[in-house]
Amino acid sequence: MTVVTRFPPSPTGFMHIGTARTGLFNWLYARRHGGKMLFRIEDTDRARHSEEAVTAIVNGLNWLGIDWDGDIVSQFAMADRHAEIALELLKSGKAYYCYCSPEELEQMREDAKKEGRITFYDRRWRDNPPSAPPEGVKPVIRIKAPMSGERVVYDKVQGEVRVASEQLDDFIILRADGTPTYMLAVVVDDHDMGVTHVIRGDDHLNNTFRQNIIYEAMGWDIPTYAHLPLILGPDGVKLSKRHGATSVEEYRDMGYLPEAMRNYLLRLGWSHGDDEIIETDQALQWFDLEGIGQSASRFDFDKLNYVNAHYMKLADNSRLVDLVSDIYQLRNINITPLHRERLLVRMDELKSRSKTLVQLADDAEFLVKSIPYDFDEKALAQLNEDGKFIVRVIRDNLSGLDDFTAEELETLCKSTADYHRDGKLGKVMMPLRAALTGSASSPSLVHAMEALGKEDVLLRLDFALSHNT
RNA sequence: GUCCCCUUCGUCUAGAGGCCUAGGACACAUCCCUUUCACGGAUGCGACACGGGUUCGACUCCCGUAGGGGACGCCA
């Protein structure tokens, strides 16, 4: 039997990081077994449907490098088929019309709460209707849930999960307006689409009992289930907006690489021994349901940063130049071919120093900014009288350099330090760094100077020397 | 409130009764490297929620307690 998984997001306008992880797991599982992953939009509630929302999810998936098989299926488009099944269940006596008013239901709900029951519908229209159907009331269709015994779900992650039938009521499968509820729609679609493995969030575990009632009523095969524990915020509560970032596009904008995101998300809730760095190719060979943990995990930015730093070191330099250029574009810094060349030349060093693309952009910004630029407080402190003296000495000696190379520059700095500063190289480098970068920290200065070129270095030193500090 | 699930270092986790003096990774601390900030290297700190069983033996099995999470819609 070929494996068929599915990715069924609700069109909420963005892709939650938890949704992304679920998608990743479904994708890995399907690909690992040479199967398919289907993509279905859960828009039974058409009020929620919007094209922008679908686009946001597609973009998220594309960015993450996750693909799917076939077209994107709209659940709403299948409404007729869902109604047909509801009617079939009605005909076979496994479902029935219920004419309860919202007020009656509200009353039942209150009573149930008072008595501490999880279910509330009293099944008054199930077998012996209290009266003839009221005039002009459109009924809903409810399914007949078993009234005694125990229900059990076999879950690949949680094992056998049992619940007493009394905990399940006759839930609605078709609304009064003839549209299906989510509970009916998922089951019918999963069956029709040939889904063999349902890998989804833990929050659906309880629904599984209800869905299985429909499967059984229709005589359909129940899929294999795997319910993933949820992702919590760093403080242990459900990851939400107040934690800063919940959607994949936010992580992209914070400067994380998609391959790092995949690795991090994979390890959050799944393990393969002590392995931490697991590239996607490897994951495609290793991923299994057995490795999924049973408890909720917290999102940890430190670990994500570490993983991202790792993948940045592996990343192709010109790709990183592209990505970082996009960030500068957002900062209204115009990137010229000359800038790209400087970034590219220094990229080996740059990428080894940062944890995110945003950090890399900050770190390398001096390479692409133009005069006049600002000096931060620490830089200003370096450019005191003593500092400026050294900058001037270097500036005056620069013209005499045969080759404007890091080696030559370093030799010059060292001899300047020997002659003027007792051999203390830092006393030379710090003012020079402040003058050239406007800050007190930067990548290797002599290499940066070489990348900047003699002309630009001279201009910057003159600018710094003339700057009122 | 009721039901379901979960519980190993601060965090992510390894662990399928003796391999555990509980391993790895992130974070943290110290040291080394060093022109700054980083990177990197080394070392260190640090956990089986609690209480009962079962067993010759329990982190591993069972029960209870506590804590955390989730579900209880004509939402998905």
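Per chain, numbering begins at 1; letters A, B, ... match sequence-line order.
If you check distances only, the side chain of A:Arg433 does reach the base of B:U35 with a donor-acceptor pair under 3.5 Å. Side-chain atoms of A:Asp202 stay outside donor-acceptor range of the base of B:G70, with no qualifying N/O pair under 3.5 Å.
Rounded to a whole angstrom, the distance from the P atom of B:A42 to that of B:C26 is 11 Å. Here, B:C50 and B:G67 have their P atoms 15 Å apart, quoted to the whole Å. B:G41 and B:G17 have their C1' atoms separated by 40 Å, given to the nearest Å. Comparing the same atom, P, in B:U8 and in B:U35 gives a spacing of 46 Å after rounding to whole Å. Only the C1' atoms considered, B:U65 is 15 Å distant from B:C6, to the nearest whole Å. Comparing B:A29 with B:C37, their P atoms are spaced 15 Å from each other, to the whole Å. Comparing the same atom, C1', in B:A71 and in B:C63 gives a spacing of 25 Å after rounding to whole Å. Nucleotides B:C56 and B:G1 place their P atoms 42 Å apart, quoted to the nearest Å.
Of the candidate nucleotides B:U35, B:A76, B:A25, B:U35 has the atom lying nearest to any side-chain atom of A:Met430. Minimum atom distance to the side chain of A:Val161 is reached by B:C5, of the listed B:G24, B:C5, B:C3. With B:C74, B:U35, B:G24 as the candidates, the nucleotide lying closest to the side chain of A:Lys303 is B:G24. Side-chain atoms of A:His204 lie closest to B:A76 of the nucleotides B:A76, B:C12, B:C74. For A:Ser10, the side-chain atoms get nearest to B:A76 when compared with the rest of B:U35, B:A71, B:A76. In the set B:C74, B:C4, B:C39, B:C74 carries the atom at the smallest distance from any side-chain atom of A:Ala176. Listed nucleotides: B:U35, B:A76, B:A27. Nearest to the side chain of A:Thr44: B:A76.
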Step by step, would you call A:Thr208 with A:Arg200 a side-chain hydrogen bond (donor to acceptor under 3.5 Å, both in side chains)? CA-CA 11 Å; A:Thr208 309; A:Arg200 80 229 296 197; 3.2 Å; yes
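Put simply, CG on A:Asn206 is 13 Å from C1' on B:C6, counting in whole angstrom units. Rounded to a whole Å, the CG atom of A:Asp155 is 10 Å from the P atom of B:C6. Here B:C37 presents its P atom at 24 Å from NZ of A:Lys351, a figure rounded to the nearest Å. If you take CD1 of A:Ile390 and P of B:U35, they are 16 Å apart, rounded to a whole angstrom. Taking atom CG of A:Asp362 as the reference point, atom P of B:U36 lies 21 Å away to the nearest angstrom. Rounded to whole Å, atom P of B:C37 lies 14 Å from atom CD of A:Glu349. In this structure, A:Leu350 places its CG atom 16 Å from P of B:A38, rounding to the nearest Å. Protein atom CE of A:Met15 is 21 Å distant from nucleotide atom P of B:A76, rounded to whole Å.
Phosphate contact (OP1/OP2 of B:C6, side-chain N/O of A:Gln294, threshold under 4.0 Å): present. The phosphate of B:A14 (OP1 or OP2) has a side-chain N or O of A:Ser271 nearer than 4.0 angstrom. Residue A:Tyr306 has a polar side-chain atom (N or O) positioned under 4.0 Å from OP1 or OP2 of B:C26. For the OP1/OP2 pair of B:G68 and a distance below 4.0 Å, the side-chain nitrogens and oxygens of A:Ser295 include no atom meeting the criterion.
Under the 6.0 Å cut-off for aromatic ring centres, A:Trp270 and A:Phe287 qualify, their centroids lying closer than that. Between A:Tyr311 and A:Tyr264, the ring center distance fails the sub-6.0 Å criterion. For an aromatic pair to be called close, the ring centres must be under 6.0 Å apart, and A:Phe171 with A:Tyr182 fails this.
Of the residues listed (A:Arg126, A:Arg210, A:Arg124), the one engaging A:Asp170 in a salt bridge (Lys or Arg N to Asp or Glu O under 4.0 Å) is A:Arg126, and it is the only one.
As the counterpart of B:U35, no nucleotide is assigned, since no Watson-Crick or G-U wobble pattern has both distances under 3.5 Å. Summarising the base pairing, B:A16 is matched to no nucleotide, lacking a Watson-Crick or G-U wobble pair whose two defining distances lie under 3.5 Å. Base pairing annotation: B:G51 forms a Watson-Crick or G-U wobble pair with B:C63, both donor-acceptor distances under 3.5 Å. Here B:G10 sits opposite B:C26 as a Watson-Crick or G-U wobble pair (both hydrogen-bonding atom distances under 3.5 Å).
With the nearest nucleotide of RNA chain B identified for both A:Asn207 and A:His272, A:His272 has the one nearer the 5' end. Comparing A:Arg109 and A:Arg298, the nucleotide of RNA chain B nearest to each residue sits closer to the 5' end for A:Arg298.
Annotated as syn: B:C39, whose O4'-C1'-N torsion sits within 90° of 0.
Using modelled atom types, one side-chain atom of A:Asn263 and one backbone atom of A:Ile278 make a donor-acceptor pair closer than 3.5 Å. Checking side-chain atoms of A:Tyr328 against main-chain N and O of A:Glu365 turns up a donor-acceptor pair under 3.5 Å.
Between the side chains of A:Asp177 and A:Thr179, at least one donor N or O lies within less than 3.5 Å of an accepting N or O.
Counting non-hydrogen atoms under 4.0 angstrom, A:Cys98 reaches nothing in the nucleic acid.
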